[in-house]
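This one's a predicted model, so the numbers in the text were calculated from it and none came from an experiment.
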Amino acid sequence: MAMVEKMFDYVIKNGLIINGKREKAFPGAVGVKDGKIAEVFHFSEGLPELSENRILDAKGGYVTPGFIDIHRHGDWEALRNGDDELLNRQGLTTVVNGNCGLSVAPTGEKYREEITDFLGSVTGKPPEGTQPSATMAEYLAALKNTKRSVNTGMLAGNGTIRAGVKGYESGRLCKKELQAIWKALEESLEAGALGVSLGIAYAPEFEYDQEGLVEALQPLKNTDIPITVHVRNEGDGIIPAMKEIIAVAKSLHIPLHVSHLKCIGKKNWGERPGEILRLFDEAAADGVKVDFDLYPYLTGSTQLVHVLPPECQQGGTEAILTRLSDPAWRKKLTEILSRPSDEFENIVELAGFEKIYASTLHTKEYGPFAGQSIAEIAERLGRDPYDALYDILFAEKCQVTMLDTIASEEDMLYFLSDERANLISDAIYPAGGKYHPRVCGAFPKLLVDYVREKKVFSIEDAIYKMTAKPAHVLHMERGILDVGMPADINVFHLEKLAVPADFDHPDRLCTGFDYVMVNGQIVVEQDIWRNPGCGQVIQGQEGSLT
C-alpha cells in the first residue's frame, strides 16, 4: 500500500539496508525528513510519490549509517575546515578529537603557548588569527561558528589539563593544583566534552602514578563518563599498564575505553593479545565496563620525541633540548634506548631505527629527509643512528612526527574480531611533511581489505564496528538507521570502493561513495564533495557529573 500521506525530503530506494545493529542486510529504502530518518522500508514497493529530484537511487548498493571516528587529533583542523572533504570522502559523518590526553583545550592562561608548541607535531598549529582556548567552552564556541560538513565532538585531554595548571614540571600536585585540575575537568565536561582522554605515556601525564590518576580524576567518580586511555606502555610493559588503568577505572567506578590497542614489538606478538582480553574479561566480572578501539594498519604515528624515556621528556621542550645538547645526556640516552625496558615504551629497541620514519621535518637541513627512516638518514649523513635521532630532535625543536612499523596483522585481526572492539583512525595532523594514510583512508580500508578482499569480517559486523559501537562508547545518539535518528547515511557499492592513500601518496582521497549524507543533507554525490555547513557540534549530556 502506497504511503502517500507521508512527505520526505529524500527517499533512498533500491538499497541493501545495513542498519548498524549487526542485523542481516535487507532490501529496502530510507525516508529522510528535516534531518532525521523518518521511515525505514523493508522493501522498495509502496513508496510515496515523489519528484525525481528527491529520490536517490542506490541501484542495489549498501545503505548504512554514516561512519563514526571517535579517535582523531584534528582539533585545529576542525576550526579551519581543513579536513572536511577527506572525512566525508571516506564516509565519515561524525568525528571526535582531543584524544590521548592531548586536546588543544583547556590550556588555561599561564602555559597556553607552551602547550600549543608541545602539541604541534600531533595537532599542527592553530589557524591564523586563532588563540589557543583557555577553556573548553571557548573552544566549543569557536567550533560552533565553523560551518563544517561533519559532526564534531571533543574529549577533554587529561594531559592538557595538568599542563594548564603545572606546565610540564615534574612532581606530585599540591592541594591547590589538584583543585585547579578538578575545576578545569568539571568545567570541560559541563561545557560539553564527551569524556576525558588520557595519554599516560606522554608528558606531563607520565608524572602520575596509579594513585595520582585516581586522585586527579575524582570528579568522574561514580558517573557513566568514560575515560579513553593511551596506556603507559604498549610494549614490554603492556600487561602492568593494562592492570594499572583497569584498577583506576575500578576505583572510580567509571567506564574504561582503551585507545588504539596493540602490542608493540615482535617479541610481544602472539600470546600477549590473549592475556589482554582475559584481563578485560576479569575486569568485566569485577563490574568494570571495558572496551577498546584500534586502526587497520601495522604502522603507527606519533611524536618522535616519544621515543625518549620519560626522564628526558620532563620539563617541556626547552628542557629536552638542553639535555639533547649535553654529550653526557646523549651517552646516557643511548645506554637506555639500546636495551629492553618494561618501565617505558622503548620503541627504538622494540622496532629498530629501520622501522622508525621521520615523517614531518621543517628545517632546511633535515626537510629533504621527510619520510625516510632514522637508519636511512643516519647512513646518508654518515652518523651513528642514535646521534642522528638526537640531532634531528634538537634541530627541529622536537616538532617532528614519526611513523613506526610496530604491530602484527594477526594480532590486529584478533583484537578487531572481539565484540568490544571498534574501528578508529588515530589520525594526526602535523604541520608539513607527510601524513599517515590512515588520515584519508582508515574506514574504507577495513571494508576493502578485510570484508571484500580477505573476507575476514561480514559487512554487517564491520559496519557495526564503524557506527553503532563507537557511538555507544561516547553515548552519542547516532550510528543506527532507525526512525528518529539523525540522517547520517552512506550509500556505496562495496565492489567500487577504493583506498588509493598509501605511504608514498597519503593524501589521495577515497572513491566509490554514491552518496554521503550528514543530518539529512548531501555532502558527497558520486565522489563530488560539497559543504552545506550541516555538521553539528556533538556535546555531552548536561548534568553528566551529577
Side-chain angles (χ1 to χ4, degrees), residues 67 69 71 90 230-231 233-236 238-239 241-242 258-280 291-302 345-357 359 371 373 402-428 434-466 469-470 494 497-506 508 510:
F67 304 153
D69 187 355
H71 193 116
Q90 60 179 301
H230 179 147
V231 298
N233 193 319
E234 295 176 323
D236 294 347
I238 192 168
I239 298 301
M242 290 298 175
V258 177
S259 297
H260 43 63
L261 184 58
K262 57 184 171 295
C263 297
I264 296 178
K266 190 173 183 179
K267 59 185 173 179
N268 295 309
W269 299 348
E271 294 184 7
R272 286 285 186 268
E275 293 181 53
I276 291 167
L277 294 191
R278 285 192 291 275
L279 282 177
F280 293 171
D291 53 25
F292 59 91
D293 60 47
L294 65 159
Y295 46 77
Y297 294 88
L298 308 182
T299 296
S301 184
T302 187
E345 196 171 88
N346 189 354
I347 295 175
V348 169
E349 190 273 334
L350 290 165
F353 285 118
E354 298 80 8
K355 294 185 178 180
I356 299 174
Y357 306 85
S359 58
S373 72
M402 71 172 176
L403 302 174
D404 49 335
T405 302
I406 48 180
S408 152
E409 184 178 49
E410 183 179 352
D411 288 357
M412 179 190 76
L413 295 176
Y414 174 78
F415 281 136
L416 197 54
S417 297
D418 190 87
E419 63 180 12
R420 290 164 288 204
N422 71 260
L423 192 77
I424 58 158
S425 69
D426 193 13
I428 67 175
K434 287 186 175 183
Y435 285 174
H436 191 298
R438 67 190 182 187
V439 175
C440 290
F443 280 66
K445 179 178 171 63
L446 177 64
L447 296 172
V448 170
D449 288 2
Y450 299 109
V451 175
R452 188 181 74 197
E453 302 299 333
K454 297 183 180 180
K455 297 179 172 54
V456 176
F457 302 103
S458 70
I459 190 166
E460 292 88 354
D461 197 32
I463 294 298
Y464 168 76
K465 293 178 184 297
M466 299 192 289
K469 177 58 179 175
L494 184 60
L497 285 184
V499 186
D502 57 24
F503 288 97
D504 291 324
H505 305 95
R508 290 176 174 170
C510 292

Quiz item: Please walk me through it: do Asp293 and Ser259 pass side-chain contact (heavy atoms from CB on, under 4.5 Å)?
Solution: CA-CA 5 Å; Asp293 60 47; Ser259 297; 4.2 Å; yes
Quiz item: Could you state the interatomic distance from OG (Ser301) to CE (Met402), rounded to the nearest 0.5 Å?
Solution: 7.5 Å
Quiz item: Quick one: does Asp411's side chain have a donor or acceptor within less than 3.5 Å of a partner on Gly270's backbone?
Solution: yes
Exercise. Report the distance from atom OG of Ser373 to atom CG of Asp404, rounding to the nearest 0.5 Å.
Key: 12.5 Å
Quiz prompt | ring-ring contact (aromatic ring centres under 6.0 Å, His included) partners of Tyr414, counting only residues at least two apart | solution = none
Exercise. Please say whether more than 12 non-hydrogen atoms of neighbouring residues, nucleotides or ligands are located less than 6.0 Å from CD in Glu453.
Key: yes
Practice problem: Verify side-chain contact (heavy atoms from CB on, under 4.5 Å) between Tyr357 and Thr299, making sure each step is shown before the conclusion. | Solution: CA-CA 10 Å; Tyr357 306 85; Thr299 296; 5.5 Å; no
Quiz item: Do Ile406 and Leu350 pass the side-chain contact (heavy atoms from CB on, under 4.5 Å) test, and can you show the C-alpha distance, the side-chain angles, and the key distance before you say yes or no?
Solution: CA-CA 8 Å; Ile406 48 180; Leu350 290 165; over 6 Å; no
Practice problem: Give, for atom CG of Leu261 and atom CG of Asn422, the distance between the pair rounded to the nearest 0.5 Å. | Solution: 11.0 Å
Quiz item: Do Arg438 side-chain atoms and Ser425 backbone N/O form a donor-acceptor pair below 3.5 Å?
Solution: yes
Quiz item: Are any non-hydrogen side-chain atoms of Ile276 and Ile239 less than 4.5 angstrom apart?
Solution: yes
Practice problem: Can you sort out the partners of Phe457 under ring-ring contact (aromatic ring centres under 6.0 Å, His included), two or more places apart, ordered by chain and number? | Solution: none
Practice problem: State plainly whether the residues Lys267 and Asp236 are in salt-bridge range, i.e. N to O under 4.0 Å. | Solution: yes
Quiz item: Can you check whether Met466's main-chain N or O pairs, donor with acceptor, with Lys469's side chain at less than 3.5 Å?
Solution: no
Quiz item: Do the charged groups of Arg272 and Glu275 touch, with an N to O distance under 4.0 Å?
Solution: yes
Quiz item: If you look only at pairs with a residue in residues 435-455, which of them pass as a ring pair (Phe, Tyr, Trp, His ring centres under 6.0 Å), with sequence neighbours excluded?
Solution: Tyr297-His436, Tyr429-Tyr435, His436-Phe503
Quiz item: Any donor and acceptor pair, going by atom type alone, linking the side chain of Trp269 with main-chain N or O of Cys263 inside 3.5 Å?
Solution: yes
Self-check item: Spacing of NZ belonging to Lys262 relative to CG belonging to Asp426, to within rounding of 0.5 Å
Solution: 6.5 Å
Quiz prompt | Side chain Gln90, main chain Cys440, donor-acceptor under 3.5 Å | solution = yes
